[in-house]
Amino acid sequence: MILVEDLWFTYGEDFILKNINLEIGKGEFIAIMGDNGAGKTTLVKHFNGLLKPSKGKVIVDDLDTSKASIYDLSRKVALVFQYPEKMFFSETVWDEVNFALKNFGFDEDYRIHRINKVLALLWLDGLKDRSPFTLSGGEQRRLALACALAWDPDYIVLDEPTAGQDKYQREILTKIIQVLVEQEKSVIIVTHDIEFVAELKPRVVLMYNGEIVADGAAEDILSNEKLLRSSGLYPPSVIDVSRPLFDKGIIKKPIINIHDFIAALEMLARG
Amino acid sequence: MLKLDALFRYVERDTLMHKLDPRTKFIVILIYSIFIILSPSYTTQIIIILLSSILAISAKCFRNMMRSVLTVTPFFLIILFANYYFTRLDITAALTPSLRILSLVTVFTLFFLTTSPDDFSTALDKSGLPLTITLSFSLALKFIPTMMQQINEVMEAQVARGLKLDKGNILSRIRNYIPILIPVIILSIKRSIEVAEALEVRGLDLKAKRKPIVETSMSWRDYIYLALNTLIVVLLTAIVIYLAIP
Ligand SMILES: Nc1ncnc2c1ncn2[C@@H]1O[C@H](COP(=O)(O)OP(=O)(O)OP(=O)(O)O)[C@@H](O)[C@H]1O
Ligand SMILES: [Mg+2]
């Protein structure tokens with residue numbers, strides 16, 4: 001469990017994070033949302049100890065992040081940053097994935113087993129011997145994710161996983177997240193991609209200006225237009241049609257994604 | 001973890017050091033650099049470090065300077081030990097090359113901390129040097145903070161993958177930095193190509209005559225500062241030559 005208690009953080013002048021309280025359970029799937037500069041990245045950098053609280057505390061399982069090393073914390077919490085090209089340095093995709101496994105001291109048999117497994121999971125098996133630098137943007141993203149999944153961390157944090165990705169990449173990502181959730185990994189995505197969140201319906205933590213302004217089910221938060229707009233986000237597009245239907249009492253709750261909407265229409269058609 | 005992005009970055013303050021013309025400060029650090037490189041005496045280098053520290057205090061950026069100095073301390077120690085062991089010299093002889101690095105760092109840090117990159121570019125433009133040189137120089141200067149931030153980001157990404165920077169002996173510690181150096185170098189090359197393209201599409205003409213937007217001028221303060229520092233360096237040189245202190 002990741003436990004954030006009364007966390008305040010400053011880089012020197014203003015507080016970037018203010019009074020953050022959050023509990024992320026094992027196996028939970030959660031989206032941290034908010035507009036640019038809300039403090040999302042700053043918050044998740046506390047989960048593996050890259051940043052230490054200025055006030056309050058962050059506990060990961062039994063480790064207090066202000067005392068534990070980044071190394072020990074990273075073993076539990078993998079952080080995948082937005083720009084994968086900022087981490088590649090190996091000659092081959094295989095070596096790139098192997099890097100963290102060596103750092104964490106796994107033996108060779110286990111390493112080979114894990115690399116094959118994550119490369120298959122991320123549809124990268126064919127690219128083992130390619131240079132990470134020659135991969136497409138989408139493949140690089142997947143490789144970054146493979147690198148983080150390799151050592152089998154309990155918590156996986158993805159910063160802006162869908163930014164600049166086409167529909168195909170987003171579908172792959174959706175599938176991978178579903179696999180991870182099934183394996184009872186905690187998956188934390190940091191994003192302002194409202195449609196992606198509406199599709200996956202995780203628990204949503206909404207941030208604005210360094211504070212958590214809402215925390216709840218995706219359907220409640222993403223259908224609350226006023227709340228979203230006051231936090232600098234726009235509601236999912238399906239809301240434009242589902243909201244009037246809900247107001248007229250035709251459907252029972254405001255629907256946030258197209259699949260649920262079609263299902264609801266089918267129900268209505270059948271009577 | 002080490003915070004690199006604020007190192008060497010211009011700190012806006014209203015002090016005498018900040019008001020000096022960038023050219024004055026640049027000439028002064030050139031004079032000091034030549035002296036530092038040539039001087040065989042570590043005592044004079046310590047004096048220069050002290051002088052820069054006093055100036056940094058007067059420019060209200062002493063803490064920033066200390067941070068840069070702390071960052072180069074590992075290199076300082078490596079050079080010190082390398083000189084001490086490999087050449088089998090005594091500690092006094094080993095101190096000179098290592099303190100040379102440290103004093104160069106303090107002198108240059110003081111310059112970067114108190115000179116806005118924009119003022120410096122303007123000053124360079126007026127120096128009469130070819131634009132290719134002045135432009136490269138001021139671009140390089142402008143990118144120092146970006147570069148530091150980038151190193152920081154790469155470092156964060158790699159330690160998040162279990163990289164331990166302070167593991168092993170000196171040799172393997174240097175090797176630990178490879179996963180940081182490679183992405184940083186590749187990103188820098190990419191960025192320099194992008195900057196070149198951006199300058200080109202915006203019609204940069206290296207041969208055209210240019211007129212600065214902001215005027216800079218030397219005042220009596222600059223001449224006094226220049227004269228004082230020249231005097232100090234002359235004195236230090238005299239000390240080295242006539243007193244032959246270590
Ligand atoms: N290294 C730093 N030094 C000083 N301030 C910083 C630093 N990094 C971020 N900030 C500031 O902290 C605030 C929050 O930044 P953060 O990156 O956490 O936002 P975010 O929610 O991730 O935004 P985005 O969606 O743009 O990624 C911003 O105002 C930013 O300017
Ligand atoms: Mg961010």
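As the structure is a computational prediction, the values presented were derived from the model and not from experiment. In the text below, chain A, chain B and the rest are named by the order of the sequence lines, each starting its count at 1.
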Part of B/Ile186 lying under 4.5 Å from any heavy atom of chain A: side chain
Side chain, backbone, both or neither: which part of B/Leu187 has an atom under 4.5 Å from a heavy atom of chain A? side chain
Could you please state which residues from residues 82-102 of chain A sit under 4.5 angstrom from chain B, measuring non-hydrogen atom to non-hydrogen atom, sorted by number, or 'none'? A/Glu85, A/Lys86, A/Met87, A/Phe88, A/Phe89, A/Glu96, A/Phe99, A/Ala100
A/Ser74 side chain reached by B/Arg161 side chain, heavy atoms, under 4.5 Å: no
Side-chain heavy-atom pair A/Tyr71, B/Val159 within 4.5 angstrom cut-off: no
Can you tell me if [atom1] on [X] sees more than 12 non-hydrogen neighbours from other groups inside 6.0 Å?
{"X": "B/Lys60", "atom1": "NZ", "value": "no"}
{"X": "A/Lys128", "atom1": "NZ", "value": "yes"}
{"X": "A/Gln183", "atom1": "CD", "value": "yes"}

All heavy atoms of B/Ala157 vs all of A/Phe81, minimum pair found to be CA-CE1, 3.7 Å
Can you tell me how far apart NZ (B/Lys164) and CD1 (A/Ile70) are? Round to the nearest 0.5 Å. 11.5 Å
Let me confirm one number: the CG-CD distance from A/Asn103 to B/Gln158, rounded to the nearest 0.5 Å. 9.0 Å
